[in-house]
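Read through the structure below, which is laid out as structure tokens, and then see the notes.
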Amino acid sequence: MSQQSLILPATGTGTGPGADCAAGTAKGRRNRRLLELAGAAAIAGTYVFLVLTQPADIANGPASFSALVALGGFLLGAVLLIAAALPVLPTSTLVLMPVALVLNVVLGQLMGSTGLPFYFDAIGTVLIAVLAGPAAGAATGALSSIVWSFFNPTVLPFAAGAALIGFLAGLAARGGLFRRFYLAPVAGFVTGILAGAVSAPIAAFVFGGTAGLGTGAVVSAFRAMGDTLLAAITKQALISDPMDKAIVFAIAALLVYALPRRTTFQFPFVRRHRVLAGKVPATPEA
Amino acid sequence: MRMPYTLHPLTSLTAAGCTAVLTTAAGAWPLSLAVALAAVLLAVRAGAGQQVLVAASAVLLPLGLSLLMLHGLFFPEGRTVLAAWGPARVTAEGLAFAWESATRTGACVLVLLLFAFTVSTPDLVAALAGRGLPPQFGFVLASALTLLPAMAGRLERIRAAQEARGLVLRGGVLSRLAAVRLQMVPLVLGLIEDSGSRAEALDARGFGAPGPRTSYRQVADPPAQRRLRTTLLLITAAAVALRLVASWPAAGPA
């Protein structure tokens, strides 16, 4: 949570007076920063609490206590992050968010048709994070889980992990990791480690396992060696998530560079932080 | 019988959410099974039975099979061994754990899908905006839910156009990946271009302007349903508190 994540880009197409008004006052800025910090603290605190108090013996049945704590803490964090970011996003970014949500679903299904064993459900989130920054990425990730839960309610508890992916992708873009093509998968790999670790307690305590047969087989292997359920699922997440996110970041980078420069450079975040390789056009579109 | 439509969207949302939380807090499979059956019955009565069942089975079948394989064969904590092949041991505790987890998740998924497929999205958005949620949230929610079905048609047209230009959707992994790229780039480019013009149109109509909004859509909210919502929330809060207090010592570090 850096100071810069709160600085809003000027709107590309017609400056929204509402965004400026809300962002301009020092009080509004402080309140949003508090909300962001509270959201991040809720997610981190829930994770630490769940790991420290994990039930020693799960033979007595699924842990309702841990499930309730995981659901409550992670959803609260995601809602706080949305509340902090959403009202101050410029309209040009806001209209991109439904597009990103739909891309997450549609591209995920399209990649599924190639028969490769990955999920690829964050391509839209990473794309928005690269074009519009960490705050937009985090809000897109969390909202994406909420909208997707209308068709698949099991993704709802993972909203905090999705927000983390969007936030980290935005940070990587601002740090210039998308300027070199080979650095994007590296950023994705690191993001996958953190996102996998945060998501593992949800899979373990809310669902008692993983949703797919392939991931279930990996967890089974670790369980056969005598690991606890949380440890086995965390190890499985540390195997599949970094690989998945490295590929997702690479696909997002390919897509961003396949788009015409006229389109990508109309985003203030891309111009201001020199997110992409190549010169900024001398006269950006107003 | 289109019964759930007479409910205020927030009432059905509260009912679905509270039922899911109560089922999780109780953690007892007979209750989970009863909730799941009730959700299916209500969905059939509301005329959404097929949609709910198709969506639920797409989610629950892989999850159930995965749980059965994971806990049915490998459950190191299990003591009552029913059968064993090498490292794999079928234990009674493992099967019970898989059954408990699957029924609990199944009940929550069915209840939430019942809400999702019976609620009217415009009513829900209007009701949420009326409760002081940022109007941007309603826009993103409604826009994504209406864009999703439209997207399938758009992808279909892109594929038809690329096939007319000689795209072949067969062959090995590489040629299929190339085919995916030929469909993805026009799709993403078109969507981002569209959103640019949508932003201009929305801004011209004062979307980003500050101040209160009025809604064309008025959703009736009878006092009885408000009382019902308050009661449900209180019961759920009590159940959660009870579960947290009851399980606290057991959840401590070993």
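Chain letters run A, B, ... following the sequence lines, proteins first, then strands; residues in each count from 1.
If you tally non-hydrogen atom pairs under 4.5 Å between each of Ser144(A), Ser149(A), Ala224(A), Ala232(A) and chain B, the highest count goes to Ala224(A). The candidate with the highest count of non-hydrogen atom pairs below 4.5 Å against chain A, out of Leu112(B), Leu189(B), Val21(B), Val52(B), is Leu189(B). For chain B, the option among Ala221(A), Ala67(A), Pro98(A), Gly124(A) with the highest count of heavy-atom pairs below 4.5 Å is Pro98(A). Options Leu68(A), Asp227(A), Leu101(A) differ in how many heavy-atom pairs under 4.5 Å they form with chain B, and the most are formed by Leu68(A).
With a 4.5 Å cut-off on non-hydrogen atoms, Leu143(A) touches chain B through its side chain but not through its backbone. If you measure heavy-atom distances from Val69(A) to chain B, the contacts under 4.5 Å come from the side chain alone. When heavy atoms are compared at a cutoff of 4.5 Å, Val111(B) does not approach chain A at all. With a threshold of 4.5 angstrom between heavy atoms, Leu255(A) approaches chain B through side-chain atoms but not through N, CA, C or O. With a 4.5 angstrom heavy-atom cutoff, Gln51(B) does not touch chain A via any of its atoms. The contact between Leu131(A) and chain B is made entirely by side chain atoms (from C-beta outward), counting heavy-atom distances below 4.5 Å. For Ala26(B), the part sitting under 4.5 Å from any heavy atom of chain A is the backbone (N, CA, C, O) and nothing else.
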Could you go step by step and tell me if Ile251(A) and Met184(B) meet the side-chain contact (heavy atoms from CB on, under 4.5 Å) rule? CA-CA 10 Å; Ile251(A) 293 174; Met184(B) 260 161 75; 3.7 Å; yes

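Shown are Ile123(A), Val256(A), Leu103(A); of these, the side-chain contact (heavy atoms from CB on, under 4.5 Å) with Val188(B) is made only by Leu103(A).
Residues His71(B) and Leu229(A) have side chains in contact (heavy-atom distance under 4.5 Å, counting atoms from C-beta outward). Residues Leu113(B) and Phe151(A) have side chains not in contact (no heavy-atom distance under 4.5 Å, counting atoms from C-beta outward).
Other residues, nucleotides and ligands contribute at most 12 non-hydrogen atoms within 6.0 Å of the CZ atom of Arg205(B).
Residue Arg262(A) holds its CZ atom at 5.0 Å from CD of Glu193(B), rounded to the nearest 0.5 Å. Separation of atoms CG (Leu191(B)) and CG (Leu96(A)) is listed at 9.5 Å; rounding is to 0.5 Å. Interatomic distance, CD1 of Ile192(B) versus CG of Leu127(A), reported as 5.0 Å (0.5 Å rounding). Put simply, CG on Leu156(A) and SG on Cys108(B) are 10.5 Å apart, with the number rounded to the nearest 0.5 Å. Thr91(A) contributes atom OG1, which lies 3.5 Å from atom CG of Asp203(B) (distance to the nearest 0.5 angstrom).
Considering all non-hydrogen atoms of both residues, Ala199(B) and Ser92(A) come closest at CB-CA, 3.8 Å.
Checking side-chain atoms of Arg104(B) against main-chain N and O of Gly208(A) turns up no donor-acceptor pair under 3.5 Å.
Ring geometry, Phe115(B) versus Phe150(A): the interplanar angle falls from 30° to 60°, so the pair is classed tilted.
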Sequence neighbours left out, cut at 3.5 Å: what donor-acceptor pairs do the side chains of residues 136-154 of chain B make with other protein atoms?
unit_1, atom_1, unit_2, atom_2, d
Gln136(B), NE2, Pro87(A), O, 3.4
Thr146(B), OG1, Ala142(B), O, 2.8
Thr146(B), OG1, Ser143(B), O, 3.1
Arg154(B), NH1, Asp194(B), OD2, 3.0

